[in-house]
S.K.: 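One structure, as structure tokens, below. Some questions next.
Chain A is the first sequence line, chain B the second, and so forth, proteins listed ahead of strands; every chain is numbered from 1. On a predicted model such as this, the values are computed, not experimentally measured, just so you know.
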2 protein chains.
Amino acid sequence: MKRDSRLSSVLHALLHMAQSDAPMTSGALARCLATNPVVVRRTMGFLRRAGLVASDRGQAGGWRIARDLSTITLRDLHLALEEPGIFAIGHRNAAPDCLVEQAVNAALDATLAEAEALLLRRMGEVTLADLAEDFARRHASRSAHDKETGHDA
Amino acid sequence: MKRDSRLSSVLHALLHMAQSDAPMTSGALARCLATNPVVVRRTMGFLRRAGLVASDRGQAGGWRIARDLSTITLRDLHLALEEPGIFAIGHRNAAPDCLVEQAVNAALDATLAEAEALLLRRMGEVTLADLAEDFARRHASRSAHDKETGHDA
DNA sequence: GCGAATCGTAACATACGGTGTTACATGAAA
DNA sequence: TTTCATGTAACACCGTATGTTACGATTCGC
């Protein structure tokens with residue numbers, strides 16, 4: 001299955017934005033993500049419509065985070081992206097009047113719905129602030145290691 | 001996202017097979033699923049290689065379930081299909097040496113892994129026998145309703 | 001043995017969605 | 001006014017699930 005990586009992309013972008021004082025342009029974010037500025041604008045547009053980020057046009061414009069990092073969860077981002085479904089598996093409603101199909105769909109849907117509920121709950125517990133903190137920890141760890149081995153911090 | 005409906009398909013097929021004494025041909029199953037015989041053979045081939053069903057060639061050949069219905073779970077079927085991933089969302093490893101990307105991937109992977117574990121556990125608790133029973137209940141319910149309203153049972 | 005039926009599989013076509021790219025209009029600041 | 005940036009449409013590209021055709025291999029009934 002081809003996976004939707006937009007959630008990963010916006011997380012990556014938001015963490016870079018969190019490290020920056022000034023707004024970041026779609027071009028700058030595209031360089032961070034190794035992708036295209038239009039793709040960034042297209043994807044970040046979902047977050048803007050959800051009120052999670054804001055964008056300004058013109059010189060000194062760009063993208064900035066509109067809320068405190070501790071108030072934005074993975075769940076918020078996932079919902080903002082309007083992803084049609086979390087799962088790569090689903091049922092085919094080719095014969096909705098077939099009782100066999102109905103029994104199959106009911107069983108699958110119930111199981112998937114439970115897993116989706118858990119996933120959304122867990123995603124609601126992880127904030128951007130948590131991720132930023134994790135990043136800072138990794139950064140400090142690498143800096144210390146680089147210092148030991150003689151590399152740049 | 002385009003969803004993989006093979007699990008739903010094989011469930012549908014297996015329940016029809018469970019209702020039949022004689023082996024069912026890929027053509028007959030294809031009619032049940034409103035699809036193509038080759039698609040049926042292709043998909044059921046995964047179950048055959050996993051030892052869940054058996055197929056016979058030649059006249060009076062076809063497909064039959066190789067194990068007791070109560071010993072086959074949704075988990076068995078899912079694993080037999082060798083689906084690359086349950087989720088339609090994932091991370092893009094465009095910059096694996098980027099610490100931001102690493103922090104994002106770690107957070108996403110941990111959350112998704114937990115949800116996947118729950119899903120597989122739940123799928124391991126649902127057997128084909130359960131589904132067949134649910135189908136029988138729906139069938140009885142519709143039959144009773146049809147009798148009341150004057151339709152065929 | 002012969003022919004019909006069936007599976008096994010390769011090869012190709014089709015549909016669809018995520019992603020990348022170009023182009024251009026809109027808006028804001030120097 | 002010029003420049004820079006977003007907003008968005010339009011299209012190309014690619015990978016994957018699915019559908020289709022074709023043909024070889026195997027088994028049963030005659």
S.K.: By the 4.0 Å heavy-atom rule, please label Arg6(B) as base, sugar-phosphate, or nothing.
M.R.: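 It contacts sugar-phosphate atoms only.
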
S.K.: Let me see the working for Leu119(B) and Leu118(A) under side chain to side chain contact (heavy atoms under 4.5 Å, CB included), right down to the final yes or no.
M.R.: CA-CA 10 Å; Leu119(B) 187 56; Leu118(A) 168 74; over 6 Å; no

S.K.: Check every atom of dT8(D), dC7(C), dG20(C) against the side chain of Arg41(A) and return the nucleotide holding the closest atom.
M.R.: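 Closest nucleotide to the Arg41(A) side chain: dT8(D).
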
S.K.: Between Arg42(B) (CZ) and dA22(D) (P), how many Å, whole number?
M.R.: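 From Arg42(B) CZ to dA22(D) P: 16 Å.
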
S.K.: Ignoring backbone atoms, test whether Ser55(B) places a side-chain nitrogen or oxygen under 4.0 Å from the OP1 or OP2 oxygen of dC7(C).
M.R.: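 No, Ser55(B) has no side-chain N/O under 4.0 Å of OP1/OP2 on dC7(C).
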
S.K.: Could a donor-acceptor pair under 3.5 angstrom be found where the side chain of Arg3(B) meets the base of dG17(C)?
M.R.: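 Check fails, no donor-acceptor contact within cut-off.
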
S.K.: State which of dG19(D), dT19(C), dT8(D) makes the closest approach to the side chain of Asn36(B).
M.R.: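 It is dG19(D).
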
S.K.: Counting side-chain heavy atoms from CB outward, which of dG8(C), dT9(C), dT19(C) is closest to Arg49(B)?
M.R.: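 Ranking dG8(C), dT9(C), dT19(C) by closest atom to the Arg49(B) side chain puts dT9(C) first.
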
S.K.: Rounded to whole angstrom units, what separation is found between the CG atom of Leu33(B) and the P atom of dT20(D)?
M.R.: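 Result: 13 Å.
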
S.K.: Are Leu79(A) and Leu11(A) linked, directly or through intermediate hydrophobic residues, by side-chain heavy-atom contacts shorter than 4.5 Å (ILVMFWY only)?
M.R.: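 Per the 4.5 Å side-chain linkage, Leu11(A) and Leu79(A) are not co-clustered.
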
S.K.: Quickly work out the Glu82(A) CD to dG18(C) P distance and round it to whole Å.
M.R.: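 Distance check: Glu82(A) CD to dG18(C) P gives 12 Å.
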
S.K.: Without hydrogens or angle criteria, can the side chains of Thr111(A) and Arg122(B) be said to hold a donor-acceptor pair below 3.5 Å?
M.R.: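 Result is no, nothing qualifies.
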
S.K.: Between dT6(C), dT9(C), dT21(C), spot the one nearest the side chain of Thr25(B), thanks.
M.R.: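 In terms of side-chain proximity for Thr25(B), the closest of dT6(C), dT9(C), dT21(C) is dT6(C).
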
S.K.: Met24(A) has an atom CE; how far is it from atom C1' of dT6(D), in whole Å?
M.R.: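 Taking atom C1' of dT6(D) as the reference, CE of Met24(A) is at 15 Å.
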
S.K.: Roughly, in whole Å, what's the span from CG in Leu47(B) to C1' in dG8(C)?
M.R.: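 Whole-Å distance recorded here is 15 Å.
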
S.K.: May I ask you to check if Arg138(B) and Phe135(B) form a cation-pi contact, with NZ or CZ under 6.0 angstrom from the six-membered ring centre and within 45° of the axis?
M.R.: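 Judged by the rule (NZ or CZ under 6.0 Å from the ring centre, within 45° of its axis), Arg138(B) is not positioned above Phe135(B).
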
S.K.: Expected output is a numbered-order residue list: members of residues 15-22 of chain A with a heavy atom under 4.0 Å from any atom of DNA chain D. What is it?
M.R.: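 Result for residues 15-22 of chain A: none.
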
S.K.: Whole Å only: how far is the CG atom of Leu7(B) from the C1' atom of dT18(D)?
M.R.: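 The distance from CG of Leu7(B) to C1' of dT18(D) comes to 16 Å, rounded to the nearest Å.
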
S.K.: Could you give the distance from OG (Ser20(B)) to CD1 (Ile65(B)), rounded to the nearest 0.5 Å?
M.R.: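 Going from OG on Ser20(B) over to CD1 on Ile65(B), the span is 9.5 Å.
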
S.K.: Round to a whole Å and report the spacing from CG of Leu29(B) to P of dT6(C).
M.R.: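 Whole-Å distance recorded here is 12 Å.
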
S.K.: Please check the phosphate of dT18(D) (OP1 and OP2 only) for any side-chain N or O of Ser5(B) closer than 4.0 Å.
M.R.: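 Checking dT18(D) against Ser5(B), a side-chain N or O does come within under 4.0 Å of OP1 or OP2.
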
S.K.: Linking directly or through intermediates, with side-chain heavy atoms under 4.5 Å: list the remaining ILVMFWY members grouped with Val39(B), chain and number order.
M.R.: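 Cluster partners of Val39(B): none, it stands alone.
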
S.K.: Does a distance-only test, which skips hydrogens and angles, find a donor-acceptor pair under 3.5 Å between the side chain of Arg92(B) and the base of dT19(C)?
M.R.: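 No, no donor-acceptor pair under 3.5 Å.
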
S.K.: Show the nearest heavy-atom pair for residues Thr71(B) and Asp76(B), with the distance to one decimal.
M.R.: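 Heavy atoms of Thr71(B) and Asp76(B) come nearest at O-OD2, 3.4 Å.
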
S.K.: Ignoring hydrogens and angles, state whether a donor on the side chain of Ser8(B) or Arg92(A) is under 3.5 Å from an acceptor on the partner side chain.
M.R.: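 Distance-only check fails for Ser8(B) and Arg92(A).
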
S.K.: If two hydrophobic side chains count as joined below 4.5 Å and joins carry through other members, does Val38(A) share a cluster with Trp63(A)?
M.R.: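 Val38(A) does not cluster with Trp63(A).
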
S.K.: Quick check: on DNA chain C, is the nucleotide nearest Ala60(A) upstream (toward 5') of the one nearest Gly45(B), or the reverse? Name the residue that is more 5'.
M.R.: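 Per heavy-atom nearest nucleotide, the more 5' residue is Gly45(B).
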
S.K.: Measuring to OP1 and OP2 of dG8(C), would you say a side-chain N or O of Arg48(B) lies under 4.0 angstrom away?
M.R.: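 For dG8(C), OP1 or OP2 has a side-chain N or O of Arg48(B) closer than 4.0 Å.
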
S.K.: To the nearest Å, how far apart are Leu81(A) CG and dG18(C) P?
M.R.: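 Computing the Leu81(A):CG to dG18(C):P distance gives 11 Å.
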
S.K.: Could you go over nucleotides 24-27 of chain D and give all protein N or O partners under 3.5 Å, atom names and distances?
M.R.:
unit_1  : atom_1 : unit_2   : atom_2 : d
dT26(D) : O4'    : Arg57(B) : NE     : 3.4

S.K.: Give the intermediate values and the outcome of side chain to side chain contact (heavy atoms under 4.5 Å, CB included) for residues Asp109(B) and His91(B).
M.R.: CA-CA 8 Å; Asp109(B) 289 348; His91(B) 57 71; 2.9 Å; yes

